[in-house]
Amino acid sequence: MTEEKPLDFAREITGRLGGETITRCYQCGTCASACPVTKTTERYNPRQVIRLALLGQRNDVLKGDAIWLCASCYNCQERCPQKVEVADVIYALRNMAIRGGNIPAIYTEFAAALMNEGRLAPMSKFLEKKRAEYGLPPLKPANTEALKKILAATGFDKIMFRKEGAT
Amino acid sequence: MTGYALFLGCTIPARQPHYELAARKALTKLGIELVDMEGATCCAPPPIQSIDLETSLALAAYNICLAEEADLNILTLCTGCFESLTIANRILKGKRELREKINKILSNVGKEFKGTKEVRHYLQVLMDDVGVNRLKQNVVKPLNGLKVAAFPGCHLLRPSELLRLDDPERPRIFDMLIETVGAKSIPYKNKLRCCGGLLRGYADDVALAIARDKIANAYNAGADCISTLCPFCFLTLDLGQMLIKTAYKEEYNMPIIHYAELLSLSLGVAPKELALDFHKMKVDKVLEKIG
Ligand code: SF4
Ligand code: SF4
Ligand code: SF4
């Protein structure tokens with residue numbers, strides 16, 4: 001990894017789903033001024049994340065906290081004059097971070113709910129009862145068998161539930 | 001009668017039956033037939049996209065395949081589901097290589113994404129299938145005098161290049177539908193700015209600060225309620241006010257009410273037929289106002 005040139009990291013990002021447009025950025029800052037999170041906290045600025053990524057600062061980007069602070073509101077992406085798909089770039093960076101073992105706890109919870117129930121908000125006995133009281137039909141269960149096969153085919157289970165280690 | 005495959009998603013049926021109940025009542029009254037989907041899974045929204053975009057596309061495509069097989073277009077209530085499914089549908093229709101890759105994954109479960117169906121949010125169905133005029137004719141209890149801060153949420157409008165539902169900078173549809181049921185859609189500061197909901201669970205303090213801003217802006221503009229389309233926006237703004245009370249010692253008591261509920265009320269559904277006890281911020285003021 002010490003041998004890596006700055007551009008290697010950028011190339012890796014553009015090769016990923018969502019990351020294709022990152023190199024179009026010319027650092028104007030329109031994204032940051034459109035960002036509700038940047039307005040609220042100093043912990044996050046999309047222009048800076050992109051800058052660090054283009055400078056090849058792999059660890060700062062993928063091990064840091066910033067990429068997890070995007071609210072995926074797409075306001076930046078709507079306004080970027082260079083048509084950088086900023087919110088999608090952040091998804092690509094998160095995908096890479098997770099593969100490298102930087103997985104915020106809440107995402108492990110989401111993944112577990114998905115794998116076990118096929119849904120992020122599992123049904124409860126209380127809600128089942130309430131639904132019946134209001135005359136709502138019982139919720140049809142997700143096809144978890146099909147889901148598990150899809151998750152196995154994309155490698156989702158391995159991405160999420162493996163030991164921290166090599167990237 | 002127009003029929004749709006109803007894609008409920010994860011959150012609405014398991015956490016917000018008041019949304020589902022109101023939507024089913026209103027849409028059925030308006031002659032929209034809803035067919036419950038068999039075996040649908042999570043739509044693969046932003047939290048799953050954050051883990052792996054390819055998995056998300058595959059899951060969205062799987063769900064669209066179910067509708068293709070039933071020969072129905074999909075109707076969504078949740079704007080998050082609308083976004084995930086619409087993006088996947090449009091990307092996969094347009095990009096052959098990616099479609100082939102996803103179809104290879106789906107072949108493990110005997111499915112193939114063909115790209116023959118549309119995904120529609122229920123606002124589009126109200127606008128296009130029912131139409132403003134017929135909707136107006138069906139309003140038996142206009143919500144006269146009710147000042148509504150409309151909050152369309154992010155994922156109804158953006159990314160507009162793929163969602164194509166309304167103008168992302170000057171949307172009109174949601175406001176028009178609020179006015180069609182007799183209420184007034186009032187202007188307020190930063191109306192189109194995100195609620196911060198997706199940061200809950202990772203950065204609760206940041207999420208709450210963003211939500212507080214939205215509630216305060218609606219409050220300062222004199223709104224009687226904030227109207228939502230997205231279950232995450234609802235949660236962020238409704239439950240959020242209890243968290244704000246603890247964290248900031250501020251009480252707004254701002255009712256958050258799904259548009260489907262306002263619509264149902266205007267179509268003559270009695271409040272006691274709606275699951276209004278699922279609101280943390282009581283909606284009594286809204287009910288009083290519309291009499
Ligand atoms: S708006 Fe676009 S070009 Fe400007 S800094 Fe942001 S990503 Fe780069
Ligand atoms: S999508 Fe993320 S980076 Fe872009 S404006 Fe929204 S919160 Fe900021
Ligand atoms: S406003 Fe919040 S909950 Fe609604 S779509 Fe945007 S991020 Fe999601």
Side-chain angles (χ1 to χ4, degrees), chain A residues 16-18 36-37 40-41 43-44 68-75 77-78 85 87-88 90-92 94-95 98 103-104 106-107 109-111 113-114 118-124 127 130-131 134-137 139-147 149-156 159-160, chain B residues 8-11 13-15 17 20-21 24 36-42 44-55 57-59 62 98 104-106 108-111 154-155 157-160 168-169 190 192-199 201-203 205-207 209-210 213 275 278:
Chain A
R16 290 199 70 89
L17 209 51
V37 181
T40 311
T41 172
R43 285 160 66 190
Y44 183 64
W68 303 102
L69 281 158
C70 166
S72 306
C73 78
Y74 281 96
N75 209 32
Q77 190 153 325
E78 234 21 274
E85 294 171 352
D88 296 330
I90 300 288
Y91 282 139
R94 287 179 179 177
N95 288 187
I98 283 191
I103 310 177
I106 185 80
Y107 287 88
E109 283 173 36
F110 289 136
L114 179 70
R119 40 178 69 251
L120 297 192
M123 198 61 185
S124 66
L127 252 294
K130 278 286 177 190
R131 290 181 66 86
Y134 287 120
L136 285 167
L139 182 61
K140 303 207 173 189
N143 186 342
T144 44
E145 224 170 283
L147 177 106
K149 285 186 190 158
I150 294 173
L151 297 185
T154 61
F156 184 89
I159 300 167
M160 279 313 289
Chain B
L8 282 170
C10 304
T11 308
R15 299 284 182 269
E20 183 179 339
L21 189 63
R24 282 187 192 265
D36 286 37
M37 292 176 80
E38 291 287 343
T41 70
C42 170
I48 303 301
Q49 292 164 28
S50 298
I51 297 171
D52 189 44
L53 282 170
E54 191 176 295
T55 300
L57 275 179
L59 287 181
Y62 172 80
L98 194 54
K104 204 162 156 223
I105 295 167
L106 293 180
N108 289 294
V109 292
K111 300 274 183 245
C154 305
H155 299 156
L157 302 171
R158 300 187 291 264
S160 62
E169 303 283 353
N190 295 333
L192 300 180
R193 188 182 287 175
C194 182
C195 68
L198 281 170
L199 295 178
Y202 180 75
D205 52 335
V206 181
I210 297 176
D213 198 44
F278 272 84

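Chain A is the first sequence line, chain B the second, and so forth, proteins listed ahead of strands; every chain is numbered from 1.
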Chain B contacts, top residue of [options] (heavy-atom pairs, under 4.5 Å):
options                       : value
A:T40, A:D88, A:T144          : A:T40
A:A113, A:G118, A:C70         : A:G118
A:L114, A:L147, A:T41, A:L127 : A:L127
A:A121, A:A152, A:P36         : A:A121
A:G155, A:A153, A:P122        : A:P122
A:E109, A:R43, A:E78, A:R119  : A:E78

Interchain contact, [X] with chain B, by part (heavy-atom threshold 4.5 Å):
X      : answer
A:P141 : backbone
A:L17  : both
A:L151 : side chain
A:L136 : side chain
A:L139 : side chain

Looking only at heavy atoms, which two atoms of [X] and [Y] are closest? And how far apart?
X      : Y      : result
B:L198 : A:S72  : CD1-CB, 3.8 Å
A:L120 : B:C42  : CG-SG, 3.8 Å
A:I98  : B:S50  : CD1-O, 4.0 Å
A:C73  : B:H155 : CA-NE2, 4.3 Å

Which distance, rounded to the nearest 0.5 Å, do you find between the [atom1] of [X] and the [atom2] of [Y]?
X      : Y      : atom1 : atom2 : result
B:K104 : A:T154 : NZ    : OG1   : 13.0 Å
A:I159 : B:E54  : CD1   : CD    : 8.5 Å
A:M160 : B:T55  : CE    : OG1   : 10.5 Å
A:I150 : B:N108 : CD1   : CG    : 8.5 Å
A:K149 : B:I105 : NZ    : CD1   : 15.0 Å

Worksheet item: Are any side-chain N or O atoms of A:N95 and backbone N or O atoms of B:Q49, one a donor and one an acceptor, separated by less than 3.5 Å?
Response: yes
Discussion item. When you measure from the side chain of A:R94 to the backbone of B:D52, do you find a donor-acceptor pair of N or O atoms at a distance under 3.5 Å?
Written reply: no
Measure distances from [X] to the heavy atoms of chain A and classify the residue's part below 4.5 Å as side chain, backbone, both or neither.
X      : result
B:P13  : both
B:A275 : both
B:D205 : side chain
B:L192 : neither

Most chain A-contacting option - heavy-atom pairs closer than 4.5 Å, from [options]:
options               : result
B:A203, B:P46, B:P45  : B:P46
B:L53, B:T41, B:L98   : B:L53
B:A209, B:P17, B:P159 : B:P159
B:K111, B:E169, B:M37 : B:E169
B:I51, B:L8, B:D36    : B:I51
B:V206, B:D213, B:T11 : B:V206

Practice prompt. Find out whether B:I48 and A:F156 are in side-chain contact, i.e. whether some heavy atom of one side chain is under 4.5 Å from a heavy atom of the other.
Written response: yes
Item to complete: Apply the test side-chain contact (heavy atoms from CB on, under 4.5 Å) to residues B:F278 and A:K130: give CA-CA distance (whole Å), side-chain angles for both, the deciding distance (0.1 Å), then the verdict.
Response: CA-CA 10 Å; B:F278 272 84; A:K130 278 286 177 190; 4.0 Å; yes
Worksheet item: With under 30° as parallel and over 60° as perpendicular, where do the rings of B:Y202 and A:W68 fit, or are they tilted in between?
Response: tilted
Worksheet item: Counting only heavy atoms not in A:K140, do more than 12 fall under 6.0 Å of its NZ?
Response: yes
